[in-house]
Trainee: 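Quick one: structure below, then a few questions.
Residue numbers begin at 1 in each chain, while the letters A, B, ... track the order of the sequences. All values below come from the heavy atoms of this structure, side chains included, with hydrogens, waters and symmetry mates left out.
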There are 2 protein chains.
Amino acid sequence: MERQKFKEYVATKGLKLTKKRDDILDEILTTEGHFDPEELFIRMKTKGSKVSRASVYRTIPLLLECGLIEEVERIDKHAHYEKVLGKQHHDHMICMKCGKVIEFFSPTLEMLQSELCQKESFTGIRHNLEILGYCGRCSK
Amino acid sequence: MERQKFKEYVATKGLKLTKKRDDILDEILTTEGHFDPEELFIRMKTKGSKVSRASVYRTIPLLLECGLIEEVERIDKHAHYEKVLGKQHHDHMICMKCGKVIEFFSPTLEMLQSELCQKESFTGIRHNLEILGYCGRCSK
DNA sequence: CATTAAATTGAGACATAGTCGCATTAAAAG
DNA sequence: CTTTTAATGCGACTATGTCTCAATTTAATG
Ligand SMILES: [Mn+2]
Ligand SMILES: [Mn+2]
Ligand SMILES: [Zn+2]
Ligand SMILES: [Zn+2]
C-alpha cells in the first residue's frame, strides 16, 4: 500500500516510477527504526544494488513530500529519517550518554502546540521536538 | 557579567582566558538575534579581527557549556545559536516561505515536558522544539 | 512493436560546515 | 624571566550533501 501511495504521488507530479526509486522505497520499508541516507546507501550497495548515492539522496525528498517518511532528528550534521507506516507521529528523547532514543507521543502536547500556533497566527505544518538528557540507566 | 561567568568557567576547567576568546564572546554579546559560526567569523574578519575560523568554532562549545549561548536551530545543514543573556528560554516557529522566526515560551509546555520525561525515567537537560509552517502573512 | 520526448540515472566534481595536526605563540604560575 | 601548558593559525582533511552532464530508462503514442 505504501508503494501504491508513492506511485500515485509520482503520477500526480508527472514523475516516473522507476526501478531504482522502487528499490530505495523497498529498502526503507524493510528498515526498522531510524536511518540516515548514507547508511541506507551503503546498505543497498552491500546487498548488491547498483543504485547511486545521488539517487538515494534524490529520492528521499520525494518520500518526505508524499508522507512516507519523516525527518526525525538532525544531529551531528546529518539528517535522520524514519518510515511513517502504521506508526503514529511521535517525538524523541535522546540520551546524551548512550545514545538511546525514546519515542513518545502526547495528545496534550500536540493540542498545546496547536493553541500556541493559533495565538501567533501561525499555520503549523510539522514540528520536531527533541529532548536531550540522560536515560534512566545513565542517570544513575 | 557574562565575561565574569566565562572567566570563572574557563578557570574551573583549567583553561586560559585569552584575548581571542574574549573577542569572540564580545562579538556574540553585541549580536542581536540568531547567528551561525561562519557568519560570526566573517563579521569579525570584516571588522579587522585577526581571529581564525578554527578559534571561532573552538570557542562556541565552551560558551555553550557554560550556558552563555544556546543552540536554537539546525537547519540547512548548519547550526544556529543565540546568546542567552537576560532572555528566558523559548522555542521557535519558522516560516517555510519567508523564513520568519517567531519566538515563543509556554510554561505549560515546559511543565508538560517535565512530566513526560518523568514518565520515561528520563532526565531532561535541554530541548529543542521547532514548529515549521507558515506565518500569518504567508498563510494568506 | 517502434518511435520519441521527457525524466532519471551514475559518476564524479563541487560545495559547505566543521574538525584536526602541528609548528608557533601566548598565558599564567613560580 | 623562565618554564609549562594551553591556544592559535594555517591549511589539509572529513562528512554530508548537491550539481552537471552524457547516457539510459520510462511511458506515452502511433
Ligand atoms: Mn522515531
Ligand atoms: Mn531565539
Ligand atoms: Zn543512556
Ligand atoms: Zn512567512
Trainee: Step by step, would you call A:Arg53 with A:Glu38 a salt bridge (charged side-chain N to carboxylate O under 4.0 Å, His left out)?
Mentor: CA-CA 8 Å; A:Arg53 224 161 73 89; A:Glu38 210 69 23; 2.6 Å; yes
Trainee: Do other residues, nucleotides or ligands put more than 12 heavy atoms under 6.0 Å from the NZ atom of A:Lys87?
Mentor: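 Yes, NZ of A:Lys87 has more than 12 neighbouring heavy atoms, counting only those of other groups under 6.0 Å.
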Trainee: How many whole angstroms separate atom NZ of A:Lys7 from atom P of D:dA27?
Mentor: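 To the nearest whole Å, that distance equals 9 Å.
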Trainee: Separation of A:Ile42 atom CD1 from D:dG17 atom C1', in whole Å?
Mentor: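 The answer, rounded to whole Å, is 14 Å.
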Trainee: For D:dT8 and B:Thr18 - does any side-chain N or O of the residue sit under 4.0 Å from the phosphate oxygens OP1/OP2?
Mentor: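 Yes, B:Thr18 has a side-chain N/O under 4.0 Å of OP1/OP2 on D:dT8.
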Trainee: Would one find a side-chain N or O of A:Tyr57 under 4.0 angstrom from OP1 or OP2 of D:dG17?
Mentor: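 Yes, because at least one side-chain N or O of A:Tyr57 sits under 4.0 Å from OP1 or OP2 of D:dG17.
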Trainee: Give A:Arg53 one of three labels, base, sugar-phosphate or nothing, depending on what nucleic acid heavy atoms sit under 4.0 Å from its own.
Mentor: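 Base contact.
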Trainee: Pairing check on D:dG30: which nucleotide meets the Watson-Crick or G-U wobble criteria with it, both distances under 3.5 Å?
Mentor: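 Across all strands, the one nucleotide that pairs with D:dG30 is C:dC1.
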Trainee: Hey, is the side chain of A:Ser52 poking within less than 4.0 Å of OP1 or OP2 on C:dT9, counting only N and O atoms?
Mentor: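 For C:dT9, OP1/OP2 do not have a side-chain N/O of A:Ser52 under 4.0 Å.
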Trainee: Round to a whole Å and report the spacing from CG of B:Leu64 to P of C:dG18.
Mentor: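 Whole-Å distance recorded here is 12 Å.
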Trainee: Among the candidates C:dA27, D:dC19, D:dA7, find the nucleotide nearest to the side-chain atoms of B:Lys19.
Mentor: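 Of C:dA27, D:dC19, D:dA7, C:dA27 is nearest to the side chain of B:Lys19.
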Trainee: Given atom CG of A:Asp22 and atom P of D:dA27, what is their separation to the nearest angstrom?
Mentor: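 After rounding, the reported distance stands at 10 Å.
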Trainee: Could you state the CG-C1' distance from A:Asp23 to D:dT25, rounded to the nearest angstrom?
Mentor: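 It is 14 Å, rounded to the nearest whole Å.
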Trainee: Using the rule salt bridge (Lys or Arg N to Asp or Glu O under 4.0 Å), only one of A:Lys45, A:Arg43, A:Lys20 pairs with A:Glu27; which is it?
Mentor: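 Among A:Lys45, A:Arg43, A:Lys20, the one that satisfies the salt bridge (Lys or Arg N to Asp or Glu O under 4.0 Å) with A:Glu27 is A:Arg43.
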Trainee: Checking only heavy atoms, does the side chain of B:Lys16 share a donor-acceptor pair with the base of D:dT5 at less than 3.5 Å?
Mentor: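 Such a pair exists between side chain and base.
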Trainee: Ignoring hydrogens and angles, does a donor from either the side chain of B:Arg58 or the base of C:dG18 sit under 3.5 Å from an acceptor on the other?
Mentor: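 It does not, because no donor-acceptor pair links the side chain of B:Arg58 to the base of C:dG18 below 3.5 Å.
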Trainee: Using the side chain to side chain contact (heavy atoms under 4.5 Å, CB included) rule, pick out the option among B:Ile69, B:Ile24, B:Leu64, B:Leu25 that qualifies with B:Thr59.
Mentor: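 With B:Thr59 as partner, side chain to side chain contact (heavy atoms under 4.5 Å, CB included) holds for just one option, B:Ile24.
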Trainee: Can you measure A:Phe41 atom CZ to C:dG12 atom P for me and round it to whole angstrom units?
Mentor: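 Spelled out: CZ on A:Phe41 to P on C:dG12 is 11 Å.
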Trainee: Mapping B:Leu62 and B:Lys45 onto DNA chain D by nearest heavy atom, which one lands closer to the 5' end?
Mentor: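 The answer here is B:Leu62.
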Trainee: Send over the distance from A:Arg21 CZ to C:dT9 C1', rounded to a whole Å.
Mentor: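 Whole-Å distance recorded here is 10 Å.
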Trainee: Need to verify one output field. Residue with the more 5' nearest nucleotide on DNA chain C, B:Leu15 or B:Ala79?
Mentor: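 Looking at DNA chain C, the more 5' nearest nucleotide goes with B:Ala79.
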Trainee: Checking all strands, does B:Lys20 fall into the base, sugar-phosphate, or nothing category for heavy-atom contacts under 4.0 angstrom?
Mentor: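 Answer is sugar-phosphate: B:Lys20 comes under 4.0 Å of backbone atoms only.
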Trainee: Once you round to the nearest 0.5 Å, how far does SG of A:Cys117 lie from CD1 of A:Ile125?
Mentor: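 So the gap between those two atoms works out to 9.5 Å.
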Trainee: Round to the nearest Å and state the distance from B:Ile75 atom CD1 to C:dT16 atom P.
Mentor: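 Those two atoms, CD1 and P, are 16 Å apart.
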Trainee: Just compare C:dA27, C:dT8, D:dG17 and give me whichever is closest to any side-chain atom of B:Lys77.
Mentor: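 Shortest atom-to-atom distance from the side chain points to D:dG17.
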